[in-house]
Asker: 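Starting off with a structure, shown below.
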Amino acid sequence: MRQNDDIERQIEAQDLTLPAPETEPDRQYYYTAKCRRYITERSKELGRPLTCFIQTFGCQMNARDSEKLLGILEEIGFVQGTDEKSDFVLYNTCTVRENANLKVYGRLGRLNGIKRKNPDMMIALCGCMMQEPEVVEKIRKSYRFVDIIFGTHNIFRLAELICRRIDEKKAVVDIWQGTDQIVEELPVERKYPFKSGVNIMFGCNNFCSYCIVPYVRGRERSRDPEDIIREIEALVSDGVVEVMLLGQNVNSYGKTLAEPVSFAELLRRVDKIEGLRRIRFMTSHPKDLSDELIAAMRDAKNVCHHLHLPLQSGSTRILKQMNRKYTKEQYLALVDRLRAAIPDIALTTDIIVGFPGETEEGFLETLDVVRKVRYDSAFTFIYSPRTGTPAAAMEDQVPADVVKDRFDRLLAEVQEIASEVILRDLGTVQPVLAEETDDHEDGWLTGRLDNNTVVHFPGDPSLIGTIVDVSLDEAKGFYFMGHRV
Ligand code: SAH
Ligand code: SF4
Ligand code: F3S
């Protein structure tokens, strides 16, 4: 990648006889050079390369952060390993629901045994869970073999933290409460050569009453539009045809910039980038979705006709308790406006079942919205109390068996509707971005339609990263089987 070549030159230019520079990103270039010296020496002694492995939990934000972390590790001199038997193992954690945490503890327990057999092994933890003081305390007490702990605000410092671990020979913990810094110009190792997430903003100011994200990701900060455009242009010249613009609430993008820019305006600018074929974005909060944005989506040539529009609940009373700032009727009216402007738009959503105080009646309101909107797909979650959020302290927590029953009914409804909605495209020929070889069928590929539906079709791996026309022959629940035409 061209950007990485520039960074490489900066790293090579570092003079390690001088103290580390104070300003970023130079400081990290310095530590990368220093770390590289350690890693190169050690791998010479061992007669093999040192390997690294990152396990990512959680959302697209974390996935993108992991690409940056891997970029740094590779600059330092690690080569990518395949599993937790690697020399540097990093878990990028999520804490949005309790079971996200449990998964991390489960896997961490098993790492200790592996580490005992490999004296070179370093274990690092980062991400949203680490922003919770009680988690860090528990790890320091019960998982003493962890070498490095850092949070969501300082991932760009990985090289520095590894150097500190090597120099100080003891565990390094570096958690920031927040930041107004956005450090650009660091290396990135993308998972897919042809598509990429692009952060347009960080943090969240919405404080939905059930959600821990604002506490662990900090206040909302938008990147400058010029930096975003420059990054996407560099990605396109490196072979990227699809970008996903990332933020917890992209619709409020740009409001806090010195020169405010709306998300719709950003989208129009990104749409003009030559060579880019598909633009997606996540996530849209219904309360901030403007008519300007609907018009921008309608008029753009490359913005996909897919919108992820989390509902959370169909009950106006529960929505108020959730601090979502819209009613059932406002949500439905918004969907009507979207469909009027963009008739073929695919809508997907997130729904929480069993929020405190949710009655059977309230739950039926959710089912009612699901039946009216007819989503292409929906992520359904059982409410999970998160320490420190207002909802966790609410009375009227719903009993587990009642929640489970509602969850099953909701899931059945969502799946049945999705399997009907998909038929809209059956028998048509559609452009498909070929994304990977099929897991199940040799000689087949898996790709996605503009509206995000998955398609399997016979094809050569050389097609991966290109957009091909595929006839959608057979619908199987939520995906298609097809063939190239
Ligand atoms: N910023 C995005 C979503 C972030 S979290 C948005 O506002 O839509 C992704 C999803 O996890 C949320 O949409 C919500 O449905 C779910 N979620 C968040 N906190 C939860 C909790 N405490 N219990 C269950 N689901 C939760
Ligand atoms: Fe959480 Fe609400 Fe922010 Fe989404 S908008 S991250 S649900 S607080
Ligand atoms: Fe999880 Fe953090 Fe994303 S809590 S959902 S990884 S922002």
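Because only heavy atoms are used, hydrogens play no part in the values below, and waters and symmetry mates are left out as well, while side chains stay in. First listed ligand is number 1; within each ligand, the first listed atom is number 1.
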Asker: Which one holds for F207 and ligand 2: side chain close, backbone close, both close, or neither close, with close meaning a heavy atom under 4.0 Å?
Answerer: backbone
Asker: Considering only non-hydrogen protein atoms, determine which one is nearest to atom 5 (S) of ligand 2 and report residue, atom name and distance to 0.1 Å.
Answerer: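 Protein heavy atom at minimum distance: N206 ND2, 3.4 Å.
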Asker: Over 60° means perpendicular and under 30° means parallel, so tell me whether Y105 and Y143 are parallel, tilted or perpendicular.
Answerer: parallel
Asker: Write out the residue and atom name of the closest protein heavy atom to atom 7 (S) of ligand 3, then the distance separating them to 0.1 Å.
Answerer: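 Ranked first by proximity to atom 7 (S) of ligand 3 is Q248 NE2, 3.3 Å.
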Asker: Do Y210 and Q312 pair up side chain to side chain, a donor and an acceptor below 3.5 Å, judged on atom types alone?
Answerer: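 A donor-acceptor contact under 3.5 Å links the two side chains.
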Asker: Going by the atom numbers of ligand 2, which of them fall below 4.0 Å from some non-hydrogen atom of V213?
Answerer: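 By the 4.0 Å cutoff, the relevant atoms are 6 (S).
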Asker: At what distance is the nearest protein heavy atom to atom 1 (Fe) of ligand 3, and which residue and atom is it?
Answerer: C94 SG, 2.4 Å
Asker: Give the atoms of ligand 3, by number and element, whose distance to some non-hydrogen atom of N62 is under 4.0 Å.
Answerer: 6 (S)
Asker: When the ring planes of W176 and F156 are compared, do they come out parallel, tilted or perpendicular, using 30° and 60° as the limits?
Answerer: perpendicular
Asker: I need the atoms of ligand 1 closer than 4.0 Å to a non-hydrogen atom of V96, numbered in the order shown.
Answerer: 5 (S), 18 (C), 19 (N), 20 (C), 21 (C), 22 (N)
Asker: Between F207 and Y215, does the ring centroid distance fall short of 6.0 Å?
Answerer: yes
Asker: Taking the six-membered ring for Trp and the single ring otherwise, decide whether the centroids of H456 and Y479 are under 6.0 Å apart.
Answerer: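 So the answer is yes for these two rings.
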Asker: Would you name the heavy atoms of G357 and V398 that are closest together and state the gap between them?
Answerer: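 Looking at all heavy atoms of both residues, the closest pair is N-CG2, 4.1 Å.
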Asker: Starting from atom 1 (Fe) of ligand 2, locate the nearest protein heavy atom and write down its residue, its atom name and how far away it is, to 0.1 Å.
Answerer: C211 SG, 2.3 Å
Asker: Look at atom 3 (Fe) of ligand 3 and say which protein heavy atom is nearest, naming residue and atom and giving the distance to 0.1 Å.
Answerer: C59 SG, 2.3 Å
Asker: Applying a 4.0 Å heavy-atom criterion (strictly less than), which segment of P214 is in contact with ligand 2: side chain, backbone, both, or neither?
Answerer: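 Side chain only.
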Asker: If you measure only the distance, is there a donor-acceptor pair under 3.5 Å linking the side chains of S209 and N323?
Answerer: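 Result is no, nothing qualifies.
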Asker: In terms of side-chain heavy atoms, does N199 have a donor or acceptor partner in K68 at a distance below 3.5 Å?
Answerer: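 Present: a donor and an acceptor within the cut-off.
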Asker: Tell me, please: is I382 in heavy-atom contact with ligand 1, that is, under 4.0 Å?
Answerer: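 I382: in contact with ligand 1 (<4.0 Å).
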Asker: Give the residue, atom name and distance (to 0.1 Å) of the protein heavy atom nearest atom 3 (Fe) of ligand 2.
Answerer: C204 SG, 2.3 Å
Asker: I'd like to check which ligand 1 atoms, numbered from 1 as shown, lie under 4.0 Å from a non-hydrogen atom of R324.
Answerer: 7 (O)
Asker: Students should be able to answer this: which protein heavy-atom is nearest to atom 19 (N) of ligand 1, and at what distance?
Answerer: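 Minimum-distance protein heavy atom for atom 19 (N) of ligand 1 reads Y210 CD1, 3.3 Å.
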Asker: I'd like to know if K255 and E220 make a salt bridge, using a cut-off of under 4.0 Å between side-chain N and carboxylate O.
Answerer: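 E220 and K255: not salt-bridged.
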Asker: With a 4.0 Å cut-off on heavy atoms, is M61 touching ligand 3?
Answerer: no
Asker: For atom 22 (N) of ligand 1, which candidate among A392, S384, P310 provides the closest heavy atom?
Answerer: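 The nearest heavy atom belongs to S384.
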Asker: For atom 9 (C) of ligand 1, what is the closest protein heavy atom, and at what distance to 0.1 Å?
Answerer: D350 OD2, 3.8 Å
Asker: Please check if atom CG in D401 has more than 12 non-hydrogen atoms from other residues, nucleotides or ligands closer than 6.0 Å.
Answerer: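 Result for CG/D401: enclosed.
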Asker: Indicate whether any N or O donor in one side chain lies under 3.5 Å from an N or O acceptor in the other, for E84 and Y91.
Answerer: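 Checked: E84/Y91 side chains pair up, N/O donor to acceptor below 3.5 Å.
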Asker: Quick one about R190 and Y192 (side-chain donor to acceptor, distance below 3.5 Å, no hydrogens or angles considered), yes or no?
Answerer: no
Asker: Output, in order, the C-alpha distance, side-chain angles, deciding distance and verdict of salt bridge (charged side-chain N to carboxylate O under 4.0 Å, His left out) for E358 and R317.
Answerer: CA-CA 9 Å; E358 184 189 74; R317 187 178 62 83; over 6 Å; no
Asker: Counting from 1, what ligand 1 atoms have a heavy atom of R386 closer than 4.0 Å?
Answerer: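 Taking each heavy atom of R386 in turn, ligand 1 has 22 (N) under 4.0 Å.
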Asker: Under a 4.0 Å heavy-atom limit, does T389 contact ligand 1 with its side chain, its backbone, both, or neither?
Answerer: neither
Asker: Between the side chains of R157 and Q28, does any donor sit under 3.5 Å from an acceptor?
Answerer: no
Asker: Can you list the ligand 1 atoms lying under 4.0 Å from a non-hydrogen atom of R97?
Answerer: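 Counting atoms of ligand 1 from 1, those under 4.0 Å from R97 are 11 (O), 16 (C), 17 (N), 23 (N), 24 (C), 25 (N), 26 (C).
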Asker: Between K287 and N251, do the side chains contain a donor N or O and an acceptor N or O under 3.5 Å apart?
Answerer: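 No, K287 and N251 have no side-chain donor paired with an acceptor closer than 3.5 Å.
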Asker: Would you say H285 has any N or O atom under 3.5 Å from an N or O of ligand 1, going by distance alone?
Answerer: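 No - when backbone and side-chain N and O of H285 are compared with those of ligand 1, no distance drops under 3.5 Å.
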Asker: Using heavy atoms and a threshold below 4.0 Å, how should the contact between C208 and ligand 2 be classified: side chain, backbone, both, or neither?
Answerer: both
Asker: Is R217 close enough to touch ligand 2? Criterion: a residue heavy atom under 4.0 Å from a ligand atom.
Answerer: no
Asker: On a heavy-atom basis, I'd like to know which of H308, Q312, Q248 is closest to atom 3 (C) of ligand 1.
Answerer: Q248
Asker: Only one of T179, T256, L257 forms a side chain to side chain contact (heavy atoms under 4.5 Å, CB included) with R221, so which one is it?
Answerer: T179
Asker: With the threshold set at under 4.0 angstrom, would you say I352 reaches ligand 1 through any of its heavy atoms?
Answerer: yes
Asker: Which of the numbered atoms in ligand 1 are below 4.0 angstrom from a heavy atom of T283?
Answerer: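 Result: 2 (C), 6 (C), 8 (O).
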Asker: Under 4.0 Å, heavy-atom basis, I'd like to know which part of N249 is in contact with ligand 2: side chain, backbone, both or neither.
Answerer: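 Neither; nothing of N249 gets under 4.0 Å from ligand 2.
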Asker: Which residue holds the protein heavy atom closest to atom 7 (S) of ligand 2, what is that atom called, and what is the gap in Å?
Answerer: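 Looking at atom 7 (S) of ligand 2, the protein heavy atom closest to it is Y210 OH, 3.4 Å.
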Asker: For atom 4 (Fe) of ligand 2, find the nearest protein heavy atom and state the residue, atom name and distance (0.1 Å precision).
Answerer: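 Among all protein heavy atoms, the one nearest atom 4 (Fe) of ligand 2 is Q248 O, 4.3 Å.
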Asker: For the residue pair D376 / N451, report whether a side-chain donor-acceptor contact shorter than 3.5 Å exists.
Answerer: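 Judged by distance alone, the side chains do not pair up.
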Asker: How close does the nearest protein non-hydrogen atom get to atom 2 (Fe) of ligand 3, and which residue and atom is it?
Answerer: C128 SG, 2.2 Å
